[in-house]
Amino acid sequence: CQLSSLVLQHLQKVQNQLDSEAGSSERLEEIEFYPDSMAWRYFPPEGTNTSLLDFLVQQQDRGAIARQELVSMLPAFYLNCSSSHNILDMCASPGSKTIQVLELLHNANQDMSDFSGIFVANELDRRRI
């Protein structure tokens, strides 16, 4: 599903604060091409822990967000799946791309009334599960 409004509001607030701090190497940027403000890039200051990093780790542990490299997000985005497609993911572990495809499908059709396709996620390598 879309980022919870609480998480999105917090990210936008932090982005505004970081933008106003002169000389700070810490940055937070929305990834413009990704729909519905679902993807953000965080540039932490070198060698320090920040409250934003703590917040992101906490939200990931709660399942509210998934942290993923930008390059890993591109296949699901460019696959351009629709809710009528039959999708077979044969390298599904640890599951971040699978979840990403499902989020994109859900966001395109909020009530899921038109979901006529099938999504099967499988992992052949037992060590990755």
Side-chain angles (χ1 to χ4, degrees):
C1 64
Q2 285 181 305
L3 281 175
S4 73
S5 60
L6 174 66
V7 172
L8 184 55
Q9 288 172 4
H10 186 76
L11 290 176
Q12 290 169 335
K13 178 182 172 186
V14 169
Q15 180 187 31
N16 291 337
Q17 288 173 342
L18 292 175
D19 288 347
S20 68
E21 292 178 12
S24 174
S25 63
E26 184 177 28
R27 292 190 342 261
L28 181 67
E29 298 174 358
E30 183 177 348
I31 297 173
E32 295 293 330
F33 72 85
Y34 214 83
D36 301 319
S37 299
M38 287 176 52
W40 292 71
R41 178 181 277 172
Y42 175 54
F43 301 91
E46 288 192 33
T48 60
N49 245 357
T50 66
S51 60
L52 177 57
L53 184 57
D54 292 341
F55 173 78
L56 293 173
V57 170
Q58 178 189 53
Q59 294 303 309
Q60 179 175 326
D61 290 347
R62 291 180 174 175
I65 64 171
R67 296 187 302 159
Q68 187 177 21
E69 293 290 331
L70 179 59
V71 70
S72 297
M73 297 171 64
L74 295 177
F77 179 75
Y78 285 111
L79 192 56
N80 199 23
C81 297
S82 82
S83 58
S84 63
H85 288 162
N86 295 327
I87 303 164
L88 175 61
D89 184 352
M90 292 298 293
C91 299
S93 185
S96 53
K97 289 182 193 81
T98 302
I99 291 169
Q100 184 183 1
V101 169
L102 290 172
E103 285 178 338
L104 289 168
L105 290 174
H106 182 263
N107 285 346
N109 185 15
Q110 288 290 323
D111 65 2
M112 300 300 280
S113 62
D114 189 35
F115 199 91
S116 58
I118 297 171
F119 193 112
V120 176
N122 191 26
E123 177 56 57
L124 296 175
D125 187 347
R126 289 178 179 236
R127 294 171 294 179
R128 292 186 47 142
I129 298 175

Donor-acceptor under 3.5 Å (Glu123 side chain, Ala92 main chain): yes

Flag, side chain of Glu30 to backbone of Glu32, donor-acceptor distance under 3.5 Å: no

Stepwise side chain to side chain contact (heavy atoms under 4.5 Å, CB included) test for Leu70 and Tyr34: CA-CA 10 Å; Leu70 179 59; Tyr34 214 83; over 6 Å; no

Tyr78 and Phe33 aromatic ring geometry - parallel, tilted or perpendicular at 30°/60° bounds: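 Parallel.
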
Beyond-backbone contact of Lys97 with Gln68, side-chain heavy atoms, under 4.5 angstrom: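 Of all side-chain heavy-atom pairs linking Gln68 with Lys97, at least one is under 4.5 Å.
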
Val57 versus Arg67, closest heavy-atom pair with distance: CG2-NH2, 3.8 Å

Output the distance between atom [atom1] ([X]) and atom [atom2] ([Y]), rounded to the nearest 0.5 Å.
X	Y	atom1	atom2	answer
Leu74	Gln100	CG	CD	8.5 Å
Leu79	Asp89	CG	CG	9.5 Å
Asn86	Cys81	CG	SG	10.5 Å

Are [Y] and [X] linked, directly or through intermediate hydrophobic residues, by side-chain heavy-atom contacts shorter than 4.5 Å (ILVMFWY only)?
X	Y	result
Phe43	Leu56	no
Met73	Met38	yes
Phe119	Met90	no
Ile65	Ile99	no
Val101	Val120	no

Derivation and outcome, side chain to side chain contact (heavy atoms under 4.5 Å, CB included), residues Ile87 and Leu105: CA-CA 11 Å; Ile87 303 164; Leu105 290 174; 4.1 Å; yes

